[in-house]
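Comments concern the structure below.
Each residue takes its place number in the sequence, starting with 1.
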Amino acid sequence: MEQENKVIFDDEKKEEPNKIDEEVTSIIKAADNLINVLEKIAPSINDGKVVNEEAFMKVIKPLCVNVENTLPQLLECVDNLEYLQDDRSYVIRQKIAKLEDELLPPIISYIRLREKSCK
């Protein structure tokens, strides 16, 4: 029996997906989703357009906890990407700053204010 040797050129090779790239992409998408949700909630808080405060509190408290729990994972990702000298670390760091500095503070103060008024 003769074995058939097949020549495979470089442009014919199937590239296996890079797992790090996939994970970083999914982390960036997750951060974008959190930002989008918080951006939709923030105007309601700032403008006083919350109709049912009790229901709103039941939604934003777990969401806020989720975001706060996600931040250390995002920071760890940034550290790892900086170690690998990946430019996407800057993108994720900007998303973290937006979450921490712009979006979370008004939501946290709203929660604290409502919890004080309920006591």
Side-chain angles (χ1 to χ4, degrees):
M1 283 189 168
E2 285 185 38
Q3 282 187 325
E4 186 177 319
N5 290 332
K6 185 175 179 183
V7 177
I8 299 175
F9 296 99
D10 286 342
D11 61 347
E12 294 178 337
K13 289 183 182 176
K14 293 182 180 177
E15 288 187 30
E16 292 184 22
N18 187 341
K19 292 190 186 250
I20 293 174
D21 286 340
E22 289 177 358
E23 188 171 338
V24 171
T25 301
S26 69
I27 288 170
I28 290 172
K29 285 181 183 178
D32 285 337
N33 289 338
L34 285 175
I35 289 170
N36 288 337
V37 169
L38 293 178
E39 284 177 335
K40 290 176 184 174
I41 289 175
S44 300
I45 292 172
N46 295 335
D47 298 340
K49 295 181 180 178
V50 177
V51 177
N52 185 344
E53 287 188 8
E54 187 178 333
F56 190 68
M57 286 289 287
K58 288 182 181 180
V59 171
I60 63 169
K61 281 176 85 174
L63 178 64
C64 194
V65 169
N66 184 21
V67 172
E68 289 176 335
N69 290 339
T70 303
L71 288 173
Q73 296 168 346
L74 292 173
L75 289 168
E76 183 180 353
C77 180
V78 167
D79 290 343
N80 291 335
L81 290 174
E82 285 176 349
Y83 177 78
L84 296 172
Q85 298 178 345
D86 191 322
D87 293 336
R88 293 176 293 183
S89 65
Y90 181 71
V91 172
I92 297 175
R93 188 170 294 283
Q94 285 181 317
K95 294 181 186 307
I96 292 170
K98 183 166 185 131
L99 286 167
E100 285 183 322
D101 300 337
E102 292 178 33
L103 299 172
L104 273 182
I107 294 172
I108 291 172
S109 63
Y110 177 87
I111 291 171
R112 288 183 179 150
L113 183 67
R114 294 303 170 260
E115 286 178 341
K116 284 182 183 178
S117 66
C118 291
K119 290 182 180 178

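No continuous path of hydrophobic side-chain contacts links Val59 to Leu34 [ILVMFWY only; heavy atoms under 4.5 Å].
For Asp87, the CG atom sits in a loose shell: 12 or fewer heavy atoms of surrounding residues, nucleotides or ligands are nearer than 6.0 Å. Counting non-hydrogen atoms of neighbouring residues, nucleotides and ligands closer than 6.0 angstrom, the CG atom of Leu84 exceeds 12 such neighbours.
Within the structure, the salt bridge (charged side-chain N to carboxylate O under 4.0 Å, His left out) test picks out the following pairs touching residues 52-71 (sequence neighbours left out): Glu53-Arg114, Glu54-Lys58, Lys61-Glu115. Screening residues 59-79 for ring pair (Phe, Tyr, Trp, His ring centres under 6.0 Å), with sequence neighbours left out, gives no hits. Applying the ring pair (Phe, Tyr, Trp, His ring centres under 6.0 Å) test to pairs two or more places apart or on separate chains, none has a residue in residues 58-96. Pairs of residues two or more places apart, or lying in two chains, that qualify as salt bridge (charged side-chain N to carboxylate O under 4.0 Å, His left out) and include a residue from residues 31-41 are Asp32-Lys95, Glu39-Lys98.
Atoms CG and CG, on Leu74 and Asp79 in that order, are 11.0 Å from each other to the nearest 0.5 Å. To the nearest 0.5 Å, atoms CG (Asp86) and SG (Cys77) are separated by 8.5 Å. With rounding to the nearest 0.5 Å, the separation of CD1 in Ile92 from CD in Gln73 is 12.0 Å.
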Review item, side-chain donor-acceptor pairs of residues 100-111, under 3.5 Å, at least two apart:
{"unit_1": "Ser109", "atom_1": "OG", "unit_2": "Pro105", "atom_2": "O", "d": "3.2"}
{"unit_1": "Ser109", "atom_1": "OG", "unit_2": "Pro106", "atom_2": "O", "d": "3.0"}

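Annotation for Ser89 and Glu82: closest pair OG-CG, 3.5 Å, computed over non-hydrogen atoms.
Every residue two or more places apart in sequence or in another chain that forms a side-chain contact (heavy atoms from CB on, under 4.5 Å) with Glu76 is listed here: Asn80. Scored by the side-chain contact (heavy atoms from CB on, under 4.5 Å) test, Val37 finds Ile41, Leu63 as partners (sequence neighbours excluded). Among residues two or more places apart in sequence or in another chain, the salt bridge (charged side-chain N to carboxylate O under 4.0 Å, His left out) test is passed with Asp21 by Arg88.
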